[in-house]
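Position 1 is the first residue of the sequence; numbering continues from there. Both backbone and side-chain heavy atoms feed into the values below; hydrogens, waters and symmetry mates do not.
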Amino acid sequence: RWKCFNNIDRSIRKSREGDGVMKKYKCIKKLILQKYDDDGFVMDNEFFFTKEGSVWELDESDSKLIGGEIRLITTKEGYLDWLEIDKETLEEHFEEIN
């Protein structure tokens, strides 16, 4: 299972522009994710917790930093946050809200 997070990557924003409606997902079950740096390396002893009710968009671009199956993105406090997870984790922790 891939569980990844990084809050610095802003290059994804271009992939979000002009493509029409993106699928949105709401977190329905708290998820603990290992943090990774901008180069895809694990940040030892650093974790991120998704909040129930937080809304994420499916990034359908080919942009994957560490090979996750599904990439979700959200904007929080001026940063573009993303996570990469597998389908099983998506189904267990998120519901589509479009």
Side-chain angles (χ1 to χ4, degrees):
R1 275 182 151 175
W2 288 101
K3 295 182 179 176
C4 315
F5 171 80
N6 185 311
N7 70 348
I8 307 298
D9 187 10
R10 296 172 189 254
S11 63
I12 303 164
R13 192 172 301 276
K14 290 187 178 192
S15 71
R16 298 174 70 188
E17 298 172 356
D19 289 339
V21 178
M22 296 186 71
K23 290 183 181 180
K24 291 186 180 183
Y25 292 86
K26 181 171 75 171
C27 180
I28 57 172
K29 182 178 176 186
K30 184 177 173 180
L31 182 61
I32 301 170
L33 307 170
Q34 177 73 52
K35 282 190 178 183
Y36 287 76
D37 67 19
D38 290 338
D39 296 314
F41 294 102
V42 173
M43 297 172 69
D44 292 331
N45 300 315
E46 293 202 34
F47 298 90
F48 171 77
F49 301 84
T50 61
K51 292 183 182 178
E52 286 184 36
S54 60
V55 177
W56 298 76
E57 294 179 351
L58 178 65
D59 180 0
E60 297 188 63
S61 73
D62 292 332
S63 179
K64 307 276 191 304
L65 186 63
I66 59 170
E69 188 175 357
I70 295 167
R71 185 177 186 130
L72 298 176
I73 54 179
T74 192
T75 303
K76 182 176 79 176
E77 299 175 7
Y79 287 97
L80 186 65
D81 293 344
W82 60 264
L83 53 90
E84 293 179 23
I85 55 178
D86 60 21
K87 260 186 194 171
E88 182 181 313
T89 302
L90 178 72
E91 291 171 358
E92 182 179 343
H93 294 271
F94 295 89
E95 68 180 3
E96 188 172 348
I97 59 172
N98 283 352

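Partners of K24 by side chain to side chain contact (heavy atoms under 4.5 Å, CB included), not counting sequence neighbours, listed by chain and number: V55, E57, I97, N98. Listed by chain and number, the residues in a side-chain hydrogen bond (donor to acceptor under 3.5 Å, both in side chains) with K64 amount to none (sequence neighbours excluded). Every residue two or more places apart in sequence or in another chain that forms a salt bridge (Lys or Arg N to Asp or Glu O under 4.0 Å) with E95 is listed here: K26. Listed by chain and number, the residues in a salt bridge (Lys or Arg N to Asp or Glu O under 4.0 Å) with K30 amount to none (sequence neighbours excluded). Taking the side-chain hydrogen bond (donor to acceptor under 3.5 Å, both in side chains) definition, one finds that S54 meets it with W56, sequence neighbours left out.
Note that the CZ atom of F49 and the CG atom of L33 stand 9.0 Å from one another [nearest 0.5 Å]. Atom CD1 of residue I70 and atom CG of residue L90 lie 4.5 Å apart, to the nearest 0.5 angstrom. The distance from the CG atom of L31 to the NZ atom of K51 is 14.5 Å, given to the nearest 0.5 Å. Put simply, CG on L72 and OG1 on T89 are 10.5 Å apart, with the number rounded to the nearest 0.5 Å.
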Worked check of side-chain contact (heavy atoms from CB on, under 4.5 Å) between D59 and W82
CA-CA 9 Å; D59 180 0; W82 60 264; over 6 Å; no

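At distances below 3.5 Å, at least one donor-acceptor pair connects side-chain atoms of H93 with backbone N or O atoms of K29. At least one donor-acceptor pair under 3.5 Å links the side chain of D37 to the backbone N or O of D39.
Side chains of F47 and Q34 form a contact here, defined as non-hydrogen atoms less than 4.5 Å apart.
The side chain to side chain contact (heavy atoms under 4.5 Å, CB included) test with D86 singles out one residue from E69, E92, E91, and that residue is E69.
Of all heavy-atom pairs spanning G68 and E84, the tightest one is N-OE1, 2.7 Å.
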